[in-house]
Amino acid sequence: MLDERTRHARALFGGIAPAYGTPAEILSFGQYGRWRRALVRGMGCSSTDLVLDVATGTGLIARDIEKRYGCRVVGVDQSMEMMGRAEGLSDRVGADANALPFHESHFDCLVFSYLFRYVADPPHTLQELVRVLKPGGTLASVEFGVPPSPLPRIGWSVHALGVFPLATRAFGPERVHDGAFLPHSIVDWANEWPLERQVDMWHAAGITEIKTRRMTFGTGVLIKGRKRGG
């Protein structure tokens, strides 16, 4: 049985799939693509690697990895509507991040994006991601954040909690709820899982050599590490 967050995520992304990229650009101050490129650039994959992209959505990260490194990428998402828009991504699997249909230590690299705000138990989900990663393999992620400094935080709050909900109304009245939910989910995530606690979670899951990077005053957060062993 699906938990409440999973059901909500499926309904949310099934509804916004046709225009997903535009709200993301608005919410990220137009930095959405820049964060994605920085994430991919820092992964350091080789052409022989097998990469798993969890929460692949419309496949933007997967395609960037394939283009940059020439390696094979498998995209996983629970939203078939989102993956239906993943043009150019040949390997697509509809699956829940909490129950990946792959053997242990199967992938050389694993990347995930904007995932943990939509799962009930982030440490459990992270353990499942690490399970399918080879020892020594790279794990990398990108997520929205809230600026830690006071002045940028005020600007972010005005933009995300004021401007963004109004802007999403341009996509139709049915998107009003989404415009309110998305920024508040970022605030809740930042409060419950500050970056230091996220790093501790990664360590507990068996990830070492962890590096973090706050981008655009902390509105975007990149994390990268390696699975212990190998």
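One is the number of the first residue; the rest follow in order along the sequence. Since this is a predicted model, take the numbers as computed values, not measurements. These values consider heavy atoms only, across backbone and side chains, with no hydrogens, waters or symmetry-generated copies.
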Task: Other ILVMFWY residues reachable from Met83 by side-chain steps of under 4.5 Å - done: Met80

Heavy-atom distance under 4.5 Å between the side chains of [X] and [Y], does that happen here?
X: Leu60; Y: Tyr32; answer: yes
X: Ile61; Y: Val40; answer: yes
X: His103; Y: Val132; answer: no

TODO: Determine whether the aromatic ring centres of Phe112 and Phe116 lie less than 6.0 Å apart.
DONE: yes

TODO: Kindly say whether the aromatic ring centers of Phe144 and Trp35 come within a distance under 6.0 Å.
DONE: yes

Can you tell me how far apart [atom1] ([X]) and [atom2] ([Y]) are? Round to the nearest 0.5 Å.
X: Met201; Y: Thr125; atom1: CE; atom2: OG1; answer: 8.5 Å
X: Asp121; Y: Asn98; atom1: CG; atom2: CG; answer: 7.5 Å
X: Trp202; Y: Lys211; atom1: CH2; atom2: NZ; answer: 13.0 Å
X: Leu222; Y: Ser113; atom1: CG; atom2: OG; answer: 11.0 Å
X: Asp53; Y: Arg92; atom1: CG; atom2: CZ; answer: 12.5 Å
X: Leu52; Y: Cys109; atom1: CG; atom2: SG; answer: 10.5 Å

Open item on the list: Set out, in order, the CA-CA distance, both residues' side-chain angles and the distance that settles side chain to side chain contact (heavy atoms under 4.5 Å, CB included) for Ile186 and Arg117, then state yes or no.
Closed with: CA-CA 7 Å; Ile186 296 170; Arg117 286 181 291 120; 3.9 Å; yes

Has the side chain of [X] got a donor or acceptor atom that lies under 3.5 Å from a matching backbone atom of [Y]?
X: Gln31; Y: Gly220; value: no
X: Asp49; Y: Val51; value: no
X: Tyr69; Y: Gly44; value: yes

Using a 3.5 Å cut-off and no angle test, enumerate the donor-acceptor pairs between side-chain atoms of residues 223-230 and protein atoms at least two apart in sequence or in another chain.
{"unit_1": "Lys224", "atom_1": "NZ", "unit_2": "Gly42", "atom_2": "O", "d": "2.5"}
{"unit_1": "Arg226", "atom_1": "NH1", "unit_2": "Gly136", "atom_2": "O", "d": "3.0"}
{"unit_1": "Arg226", "atom_1": "NH1", "unit_2": "Thr138", "atom_2": "OG1", "d": "3.2"}
{"unit_1": "Lys227", "atom_1": "NZ", "unit_2": "Val130", "atom_2": "O", "d": "2.9"}
{"unit_1": "Lys227", "atom_1": "NZ", "unit_2": "Leu133", "atom_2": "O", "d": "2.6"}

Donor-acceptor contacts under 3.5 Å from residues 156-167 side chains, at least two apart:
{"unit_1": "Ser157", "atom_1": "OG", "unit_2": "Arg153", "atom_2": "O", "d": "2.9"}
{"unit_1": "His159", "atom_1": "NE2", "unit_2": "Ile26", "atom_2": "O", "d": "2.6"}

TODO: For residues 101-110, pull every pair meeting salt bridge (Lys or Arg N to Asp or Glu O under 4.0 Å), keeping only residues two or more places apart or in separate chains.
DONE: Asp108-Lys134

TODO: Keeping to residues at least two apart or across chains, list the salt bridge (Lys or Arg N to Asp or Glu O under 4.0 Å) pairs with something in residues 31-40.
DONE: Arg36-Asp64

Going by side-chain hydrogen bond (donor to acceptor under 3.5 Å, both in side chains), name the residues that satisfy it together with [X], two or more places apart in sequence or in a different chain.
X: Gln198; value: none
X: Arg63; value: none
X: Thr48; value: Ser46
X: Ser141; value: none

Any idea which heavy atoms bring [X] and [Y] closest together, and the distance?
X: Leu39; Y: Val111; value: CD2-CG2, 3.6 Å
X: Ser185; Y: Leu182; value: OG-O, 2.6 Å
X: Leu89; Y: Ala62; value: CD1-CB, 3.8 Å
X: Arg131; Y: Leu100; value: NH2-O, 3.1 Å

Open item on the list: For the CZ atom on Phe217, are there more than 12 heavy atoms of other groups (residues, nucleotides or ligands in this structure) within a distance under 6.0 Å?
Closed with: no

TODO: Check the pair Asp77 / Thr56 against side-chain hydrogen bond (donor to acceptor under 3.5 Å, both in side chains), numbers first and verdict last.
DONE: CA-CA 6 Å; Asp77 205 288; Thr56 190; over 6 Å; no

TODO: Only counting residues at least two apart or in another chain, list the ones meeting side chain to side chain contact (heavy atoms under 4.5 Å, CB included) with Pro194.
DONE: Glu196, Arg197

Task: Sequence-distant partners of Pro150, side chain to side chain contact (heavy atoms under 4.5 Å, CB included), two or more places apart - done: none

Task: With sequence neighbours excluded, residues passing salt bridge (charged side-chain N to carboxylate O under 4.0 Å, His left out) with Glu66 - done: none

Task: Stepwise side chain to side chain contact (heavy atoms under 4.5 Å, CB included) test for Ile65 and Cys71 - done: CA-CA 7 Å; Ile65 293 172; Cys71 56; 3.7 Å; yes

